[in-house]
Structures are given as C-alpha cells and as structure tokens.
K.L.:
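Submitted below is the structure of interest, expressed as structure tokens.
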Amino acid sequence: MADIAMCEKKDCPSFKECYRAQAVKSEYRQSYMNFDNGTESCCDDYIPVKPTWKNQFPCL
C-alpha cells in the first residue's frame with residue numbers, strides 16, 4: 001500500500017518508471033494529485049521505481 005500521493009497522468013513520458021504512478025494503491029484511502037511535468041520528461045515529484053545510486057533521477 002502506498003503512503004504517498006499517487007499520479008494518474010498516463011501521458012507522462014516517465015509514467016512506467018515512476019513510483020507515484022506504479023505503486024499499489026490503498027484499498028481504503030488513497031490520495032491523488034495533478035502532477036505537471038510541463039515540457040520535461042518528468043516532474044519535480046518523480047520517484048524512480050528502481051533507484052540507483054549512480055543515476056537515481058535520470059530526467060533531471
């Protein structure tokens with residue numbers, strides 16, 4: 001269960017790599033926010049699904 005605000009912006013280029021979009025939602029309570037990436041490949045609230053120490057945020 002995710003204890004974060006999740007994202008449903010399916011047209012985002014980072015949708016499949018972002019934890020906010022791919023986390024398992026809470027069955028009872030889940031918050032969603034309208035994250036906006038503008039012209040960038042990901043927004044400021046991007047959380048990688050598989051972070052690495054070398055390249056944790058590839059779109060920044």
Side-chain angles (χ1 to χ4, degrees):
M1 164 174 53
D3 189 21
I4 59 168
M6 291 186 61
C7 178
E8 289 187 308
K9 189 175 179 187
K10 295 180 179 168
D11 63 340
C12 176
S14 300
F15 186 80
K16 293 190 180 205
E17 294 87 31
C18 185
Y19 182 71
R20 288 191 183 277
Q22 301 303 318
V24 177
K25 65 182 179 180
S26 171
E27 181 181 350
Y28 302 105
R29 292 184 177 177
Q30 183 61 61
S31 61
Y32 291 88
M33 289 186 65
N34 186 15
F35 297 101
D36 186 15
N37 59 326
T39 60
E40 301 296 320
S41 60
C42 67
C43 68
D44 292 338
D45 299 295
Y46 171 77
I47 302 172
V49 173
K50 295 182 181 180
T52 62
W53 291 107
K54 242 183 184 176
N55 191 12
Q56 186 173 4
F57 299 100
C59 57
L60 299 179

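Every heavy atom of this structure was used, including side-chain atoms; hydrogens, water molecules and symmetry mates were not.
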K.L.:
Of all heavy-atom pairs between Cys12 and Asn37, which one has the smallest distance, and what is that distance?
P.N.:
SG-ND2, 3.8 Å

K.L.:
Any chance you could pull the hydrophobic cluster mates of Phe35, using side-chain heavy atoms under 4.5 angstrom and chaining through other members?
P.N.:
Met33

K.L.:
Taking salt bridge (charged side-chain N to carboxylate O under 4.0 Å, His left out) as the cut-off, I'd like each qualifying pair that reaches into residues 6-15, sequence neighbours left out, listed once.
P.N.:
Lys9-Asp36

K.L.:
For residues Phe15 and Cys7, report the shortest heavy-atom separation together with the two atoms involved.
P.N.:
CE1-O, 4.1 Å

K.L.:
If you take all heavy atoms of Lys16 and Val49, which pair is closest and at what distance?
P.N.:
O-CG2, 4.3 Å

K.L.:
Drop me the distance from Met6's CE to Ile47's CD1, to the nearest 0.5 angstrom.
P.N.:
10.5 Å

K.L.:
Taking atom CD of Glu17 and atom OH of Tyr46, what is their separation to the nearest 0.5 Å?
P.N.:
6.0 Å

K.L.:
Please round to the nearest 0.5 Å and tell me the distance separating atom CG of Asp3 and atom OG of Ser31.
P.N.:
8.0 Å

